[in-house]
Amino acid sequence: MRSIRAAAVGAVTLSLALAATACGGGSSSGGESNDSPKELTYWASNQGAGVEVDKKVLQPELDKFEKETGIKVKLEVVPWSDLLNRILTATTSGQGPDVLNIGNTWSASLQATGALLPWDAKNFEKIGGRDRFVDSALGSTGVQGQDPAAVPLYSMAYALYYNKRMFADAGITKPPATWDELVATGKKISKGGKWGLGAEGANLSNNIHQVFVLGKQHGADFFTADGKPDFTSDGAVAAVKQYVDLMAADKVVAPGNAEYAQNQSLSDFAKGRTAMVMWQTASATFKTMGMKDDEWGVAPAPVPSGTPGADRATNSMVAGINMAVFKNSDNLDGATRFVKFMTSDAEQKLLNKAYGSIPPVKAAQSDPAFNTQATAVLRETLATSAAALPQVSDESQFETAVGTAVKELFADAAAGREVTTESVKEKLAKAQQQMPNK
């Protein structure tokens, strides 16, 4: 889902943006908070199979909002490969949207810029109150003890999706529950131009999500209790090596996946080239790609014991999308009304159905659509075996630095260069040196 531009550029941008006492983005006119009451600019993240799919989902809802309020919303769907750097540029330049989607893992980092509107009790009351939202979603909206920097919009979790026909053709009767089972299953399938597992090796944020979960399974968090980076612990190194070894040593991921960053692994899955993929809420994308619901199955992502739970049995990060407002918007009232509209019960049901995600709004979760094959595993994972990424101000630099290290290791594997414990540790040590709080 996500990748960031070249590491050097990303690191510089991040350092500048997060060192700033940012006055924010949102207004291109430099006006006061309600100088433009009849228009808003909205940066939406790419949630569907492509930007055009998102436009088809969102534009009718924006038209509905305009009809109800008289406020026109100018939509731009921003690919994940560009989103974080564009947001960070906006926090320093003051030129950006009024309302935007952010990956929930970025909440604390973007909060530290000072650019986003804090969601204090008064602002939450404008959208119906804080208690409308589930606790797990609110847990990834900023630093604990501070007013949230954003409001939950879509909740997600990782699961293991598998192609039923490819499993049947290989004589496999059930999805793998452990990593050993996944590798064994993948090896049975990885031949004749078909592969066991898809990955997005050039997608920095996806890399982070996968190695963070594996880190939990190895007893590592990548940060110390006081928020300092700890990338070279034995558990962190083991987690990264295990993930890259799915290509380098186990040979169940195609070498070409080292260059994937824009949902190509989902396309391969839908076309029967790859039998398994670990992804967030992929069902809607499969449908868009022409795959029927009975052609795929979904199971909890693997854990060493085979039984997901807490700590070393964690099998997903708490994934999701939050909605934020630049506090220097020239239409703060309109921006708040738009957030209220997008998080209303009716819109939460509609939008989360469209994307196959889980509503973070409690009342919307009662809809039967969120207790189906596509969603039941995700709801259970969020409730019992998902852990939030560290809510520290350096989290976005973590995604860039370690995500790039994993990307480079995948490139080594694809080129036939050996990936050793020492080479992994060397990459992670270099990544840690890029962190401001090293």
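In this text, all values refer to a predicted model and were calculated from it rather than measured experimentally. Atoms considered below: every heavy atom in the structure, side chains included; atoms not considered: hydrogens, waters and symmetry mates.
Side-chain atoms of S190 come within 3.5 Å of backbone atoms of G196 as a donor-acceptor pair (strictly under, hydrogens ignored). Within the 3.5 Å criterion, the main-chain N or O of F167 finds no donor-acceptor partner in the side chain of Y162. Checking side-chain atoms of Q146 against main-chain N and O of P118 turns up no donor-acceptor pair under 3.5 Å.
The 12-atom threshold is not exceeded at NZ of K56, counting heavy atoms of other residues, nucleotides or ligands nearer than 6.0 Å. Around NZ of K164, the count of heavy atoms belonging to other residues, nucleotides or ligands within 6.0 Å exceeds 12.
Between W80 and W106, the ring-plane angle classifies as perpendicular under the 30° and 60° cut-offs.
Between the OG atom of S205 and the CD atom of E399 there is a distance of 3.5 Å, given to the nearest 0.5 Å. In this structure, the separation between CG on L351 and CG on L153 is 7.0 Å, given to the nearest 0.5 Å.
Counted by atom type alone, Y154 and N104 present zero donor-acceptor pairs between their side chains at under 3.5 Å. Counting only N and O atoms by type, the side chains of D268 and Q264 include no donor and acceptor under 3.5 Å apart. In the model, S109 has a side-chain atom that pairs as donor or acceptor with a side-chain atom of S396 under 3.5 Å. For the residue pair T375 and T372, a side-chain donor N or O sits within less than 3.5 Å of a side-chain acceptor on the partner. Judged purely by distance below 3.5 Å, without hydrogens or angles, the side chains of N315 and S385 pair a donor atom with an acceptor atom.
Pairs passing the salt bridge (charged side-chain N to carboxylate O under 4.0 Å, His left out) check and including a residue from residues 174-184, sequence neighbours excluded, do not occur. Sorted by first and then second residue, the salt bridge (charged side-chain N to carboxylate O under 4.0 Å, His left out) pairs involving residues 313-322 (not counting sequence neighbours) form an empty list. Among residues at least two apart or in separate chains, salt bridge (charged side-chain N to carboxylate O under 4.0 Å, His left out) pairs with a member in residues 353-376 are K353-D367.
Ring centroid separation for the pair F269 and F286 comes in under the 6.0 Å cut-off.
Between A199 and V253, the closest heavy-atom pair is CB-CG1, 4.0 Å.
Side-chain contact between R273 and K271 is present, with at least one heavy-atom pair separated by less than 4.5 Å.
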